[in-house]
Amino acid sequence: MTNTNELYANYSLCVNSPFLGSTVCELGGGMTCLAGLMIAVCADVKEVLLSDGNEKAIQTIILSSFRVVRWDNEADMSTLEGRFDVVMCADCLFLDQYRGSLVDALRRLLRPDGTALVFAPTRGDTLAEFCRLAESAGLRVCRYDNYDSHLWDLHLKVCTVCVCGFYCVCKCFKVSES
């Protein structure tokens, strides 16, 4: 589990309003689907579908509303099209070959007035490229770095001592909403 998933779970607890009374889909939830589970337990939602494209990942969670959803698979997408008020994912932008499919999946899975919440580190140009693809697909993109003042303060303290230069906590507090 990446720290992005933990941040998303924290966000889910801090910012309940996007989820109230909604149908929610978590894409790329991985082995834990932590954020989706937090929303299912703590928010007043109609439904939460937990998903991942890796069949081995879904074997770790035994739930009736968990399934394999491959963003580039027409059969997976067509059965869920236009079903969700909120579609969320954390740290799903790193594979170049699937970024466009993810944008298409978000667009297709959302209801016309739906919201996609995407948590992602700025790893290379992956976030910028995702935002460009999302905007070109007609999605409105808003980017937030500081959604929680306590976490942001912790982030700034850690960034002042971070020296790794590759993939560090300094790059893990980016939030994109489309």
Indicate yes or no for a side-chain donor-acceptor contact from T126 to the backbone of F94 under 3.5 Å, with no hydrogens or angles considered.
-> no
Is L110 close to T115 at the side-chain level, that is, under 4.5 Å between some pair of heavy atoms?
-> no
Which residues pass the side-chain contact (heavy atoms from CB on, under 4.5 Å) test with T79, sequence neighbours left out?
-> R67
Sequence neighbours left out, what passes side-chain hydrogen bond (donor to acceptor under 3.5 Å, both in side chains) with N73? Give chain and number order.
-> none
Listed partners of R70 passing side-chain hydrogen bond (donor to acceptor under 3.5 Å, both in side chains), at least two apart | E55
Closest contact, heavy atoms only, S101 versus W71 | O-CB, 3.7 Å
Residue pair G36 / V48: nearest heavy atoms and the distance that separates them | O-CG1, 3.7 Å
Contacts of type salt bridge (Lys or Arg N to Asp or Glu O under 4.0 Å), residue E135, not counting sequence neighbours = none
Candidate pair V45 and L20, rule side chain to side chain contact (heavy atoms under 4.5 Å, CB included), full reasoning = CA-CA 5 Å; V45 296; L20 292 175; over 6 Å; no
Using modelled atom types only, decide if a donor and an acceptor are shared between the side chain of T23 and the backbone of R83 within a distance under 3.5 Å.
-> yes
At their closest point, which heavy atom of E26 faces which heavy atom of S51, and how far apart are they?
-> O-OG, 2.7 Å
Could you give the distance from SG (C92) to CZ (F119), rounded to the nearest 0.5 Å?
-> 12.5 Å
Do R108 and S78 come close enough that some side-chain heavy atom pair is under 4.5 Å?
-> yes
Considering residues at least two apart in sequence or located in another chain, which fulfil the side-chain hydrogen bond (donor to acceptor under 3.5 Å, both in side chains) criterion with Q97?
-> none
Less than 4.5 Å apart, any side-chain heavy atom of L127 and any of L93?
-> yes
Report the residues that fulfil side-chain hydrogen bond (donor to acceptor under 3.5 Å, both in side chains) with D104, sequence neighbours left out, ordered by chain and then residue number.
-> R107
Name all residues meeting the side-chain contact (heavy atoms from CB on, under 4.5 Å) criterion together with R132; count only those two or more places apart in sequence or in a different chain, and write none if there are none.
-> E129
Across all chains, not counting sequence neighbours, the salt bridge (Lys or Arg N to Asp or Glu O under 4.0 Å) partners of D72 are none
Taken to the nearest 0.5 Å, the spacing of C42 SG from L37 CG works out to 10.0 Å
Stepwise, does the side chain to side chain contact (heavy atoms under 4.5 Å, CB included) test hold for L109 with M77?
-> CA-CA 7 Å; L109 295 174; M77 289 291 97; 4.2 Å; yes
Contacts of D85 that satisfy salt bridge (Lys or Arg N to Asp or Glu O under 4.0 Å) - sequence neighbours left out = R111
Does L102 reach the side chain of R99, with side-chain heavy atoms less than 4.5 Å apart?
-> no
Sole residue of L106, L50, L49 in side chain to side chain contact (heavy atoms under 4.5 Å, CB included) with L27 = L106
CG of D52 to SG of C33, rounded to nearest 0.5 Å, is 6.5 Å
Would you indicate whether the side-chain heavy atoms of M88 and F19 approach each other to under 4.5 Å?
-> yes
